[in-house]
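One structure is given here, and the rest of the page talks about it.
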Amino acid sequence: MENAITNYKEIITSILYEYIGKKGVGIIDFAFDILISLLILFIGFKLVEVIVKTCRRIFERSNLDPTLQTFLLSFIRLGMKVLIIFWAITKIGVGASSIIAILGSAGLALGLSLQGSLTNIAGGVILLFMKPFQVGDYILDGSGKEGTVQSIGIMYTKLLSIDNKAIMIPNGELSNATVTNFTFQNKRRVDLLIGISYNDDIRKAKEVLNAMILEEEALLPEEPIEIYVNDYKDSSIELGLRYWVSTENYWTSRWRVLEEIKYAFDANGISIPFNQMDVNVVSSH
C-alpha cells in the first residue's frame with residue numbers, strides 16, 4: 001500500500017513542480033507524510049487487536065493462569081500501540097533522537113505528576129508475581145471492599161460484589177493492604193456458636209447437635225467435627241460447633257445448619273435463651 005502511495009506521490013509531485021514550483025512540492029510531500037502516518041495508525045491499531053486476540057487464544061490453549069493472561073494482554077496492547085505511534089511520528093519527519101529526548105523530558109515530568117499511577121502499575125506487577133489471589137477468587141481487602149475477582153489490569157483490579165456491583169480497586173492499594181482470600185483453599189471450616197439454657201442438659205444438647213450435623217449433605221466426612229462448651233454467658237451456656245465443607249458450599253451449608261439447629265432443639269425440648277427485660281412498677285400508694 002505504501003508503494004502505491006509513493007507512485008501516486010511521484011506523479012502528483014511532478015505535476016505540482018511544473019505548475020507551482022518547489023513550494024507546492026513541499027506541501028504535497030508533507031501531506032503525503034501525514035496520510036502515510038494516519039494509515040500507519042489506522043492499520044496498526046487494527047493489527048494490534050488481531051494480534052491480541054491471537055495471543056488470547058494461544059494463552060487459553062496453553063492453560064496459562066487467567067490472572068497472567070489479563071495482565072500480559074494489557075501489556076502487549078499498550079506496548080504495541082506505543083511503538084506504532086512512535087513509527088507514525090517518525091514518518092512525518094520528526095527524528096527518532098528528538099522523539100526520545102522529548103519522551104525523556106516528558107517522562108520525568110509525568111513520573112513526578114503521576115506517582116500514584118506508577119504505584120498502581122508497580123502494584124499490578126507485585127500482584128502478578130506474588131499471586132495473593134487470582135481471577136475467580138472471592139477476596140476482602142483491608143478497607144472492607146469484597147467480591148469475586150473479575151480481572152487484574154495494569155492499574156486496577158476489578159471485583160464483582162455479591163449484589164452485582166463492579167468495584168475498581170487501585171493495584172497500589174491492594175498490594176499494600178491486608179487481603180483475605182476466602183477461596184484460596186478448596187475447603188473451609190464452618191464455626192457456629194449456639195446458646196442453650198442453664199436448665200438444659202449439656203450432654204443431650206451435644207448429642208442433638210452431633211446427630212443433626214451428621215445429616216448435613218455438604219459435610220466433609222473425612223474432616224473432624226468438634227462440639228464443645230465455648231463459654232458461660234450471663235443468660236446462656238454457649239456451645240461451639242465446627243465442621244468442614246467444600247468452599248463453594250460454605251454459605252449455603254452455614255445458613256441451612258443454623259436453621260436445622262433450631263428445629264432439632266425444638267424437637268428435643270432444648271431452649272435457646274434470648275435477652276429479656278423485667279420491668280418492676282412500684283406504686284407510691
Least distance between heavy atoms, [X] atom then [Y] atom:
{"X": "Lys145", "Y": "Asp141", "value": "N-OD1, 2.7 Å"}
{"X": "Asp163", "Y": "Lys165", "value": "OD2-CE, 3.1 Å"}
{"X": "Ile237", "Y": "Ser197", "value": "CD1-O, 4.3 Å"}
{"X": "Ser161", "Y": "Ile167", "value": "CB-CD1, 4.1 Å"}
{"X": "Gly136", "Y": "Thr148", "value": "O-CG2, 3.7 Å"}

Among the clusters formed by ILVMFWY side chains lying less than 4.5 Å apart, do [X] and [Y] turn up in the same one?
{"X": "Ile76", "Y": "Trp87", "value": "yes"}
{"X": "Ile196", "Y": "Leu193", "value": "no"}
{"X": "Leu160", "Y": "Val135", "value": "no"}
{"X": "Met80", "Y": "Ile85", "value": "yes"}
{"X": "Phe133", "Y": "Met130", "value": "no"}

- From Ile169, Asp137, Leu174, residue fulfilling side chain to side chain contact (heavy atoms under 4.5 Å, CB included) relative to Val179: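 With Val179 as partner, side chain to side chain contact (heavy atoms under 4.5 Å, CB included) holds for just one option, Leu174.
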- Message: So if I apply the side chain to side chain contact (heavy atoms under 4.5 Å, CB included) rule between Val190 and each of Trp251, Trp244, Tyr250, which one comes out positive?
- Response: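 One option only clears the test, and that one is Tyr250.
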Is the number of heavy atoms from other residues, nucleotides or ligands within 6.0 Å of [atom1] ([X]) greater than 12?
{"X": "Lys81", "atom1": "NZ", "result": "yes"}
{"X": "Asp234", "atom1": "CG", "result": "no"}
{"X": "Tyr156", "atom1": "OH", "result": "no"}
{"X": "Phe184", "atom1": "CZ", "result": "no"}

How many angstroms lie between atom [atom1] of [X] and atom [atom2] of [Y], to the nearest 0.5 angstrom?
{"X": "Met155", "Y": "Thr119", "atom1": "CE", "atom2": "OG1", "result": "9.5 Å"}
{"X": "Ile58", "Y": "Thr54", "atom1": "CD1", "atom2": "OG1", "result": "6.5 Å"}
{"X": "Asn199", "Y": "Ile270", "atom1": "CG", "atom2": "CD1", "result": "12.5 Å"}
{"X": "Thr180", "Y": "Leu140", "atom1": "OG1", "atom2": "CG", "result": "5.0 Å"}
{"X": "Glu173", "Y": "Asn120", "atom1": "CD", "atom2": "CG", "result": "9.0 Å"}
{"X": "Asn230", "Y": "Asp191", "atom1": "CG", "atom2": "CG", "result": "10.0 Å"}

- Query: Does the side-chain contact (heavy atoms from CB on, under 4.5 Å) test come out yes or no for Leu73 and Phe59, once each step is laid out?
  - Reply: CA-CA 9 Å; Leu73 290 174; Phe59 291 161; 3.8 Å; yes
- Query: Taking side chain as C-beta onward, heavy atoms only, is Ile139 less than 4.5 Å from Glu146?
  - Reply: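 Result no, sub-4.5 Å side-chain heavy-atom pair not found.
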- Do Tyr263 and Glu259 come close enough that some side-chain heavy atom pair is under 4.5 Å?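 Result yes, sub-4.5 Å side-chain heavy-atom pair found.
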- Thr247 side chain to Asn186 side chain, donor-acceptor N/O pair below 3.5 angstrom: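 No, because no side-chain N or O of Thr247 sits under 3.5 Å from a partner of the opposite role on Asn186.
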Between the side chain of [X] and the main-chain N/O of [Y], is any donor-acceptor distance below 3.5 Å?
{"X": "Thr183", "Y": "Tyr138", "result": "yes"}
{"X": "Asp200", "Y": "Ser271", "result": "yes"}
{"X": "Ser246", "Y": "Glu248", "result": "no"}
{"X": "Ser236", "Y": "Ile272", "result": "no"}
{"X": "Asp231", "Y": "Lys233", "result": "no"}

Distance-only donor-acceptor hits, side chain of residues 36-50, under 3.5 Å, sequence neighbours excluded:
residue: Ser37; atom: OG; partner: Asp33; partner atom: O; Å: 2.9
residue: Ser37; atom: OG; partner: Ala88; partner atom: O; Å: 2.8
residue: Glu49; atom: OE2; partner: Arg77; partner atom: NE; Å: 3.3

- With sequence neighbours left out, what residues match Val257 under side-chain contact (heavy atoms from CB on, under 4.5 Å)?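 With sequence neighbours excluded, Val257 shows a side-chain contact (heavy atoms from CB on, under 4.5 Å) to Leu192, Met212, Ile213, Glu216, Leu241, Tyr243, Ser253, Ile261, given in chain and number order.
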Which atom pairs, one a donor and one an acceptor, fall under 3.5 Å between side chains of residues 217-229 and the rest of the protein, sequence neighbours left out?
residue: Glu223; atom: OE2; partner: Lys187; partner atom: NZ; Å: 2.4
residue: Tyr228; atom: OH; partner: Arg242; partner atom: NE; Å: 3.3

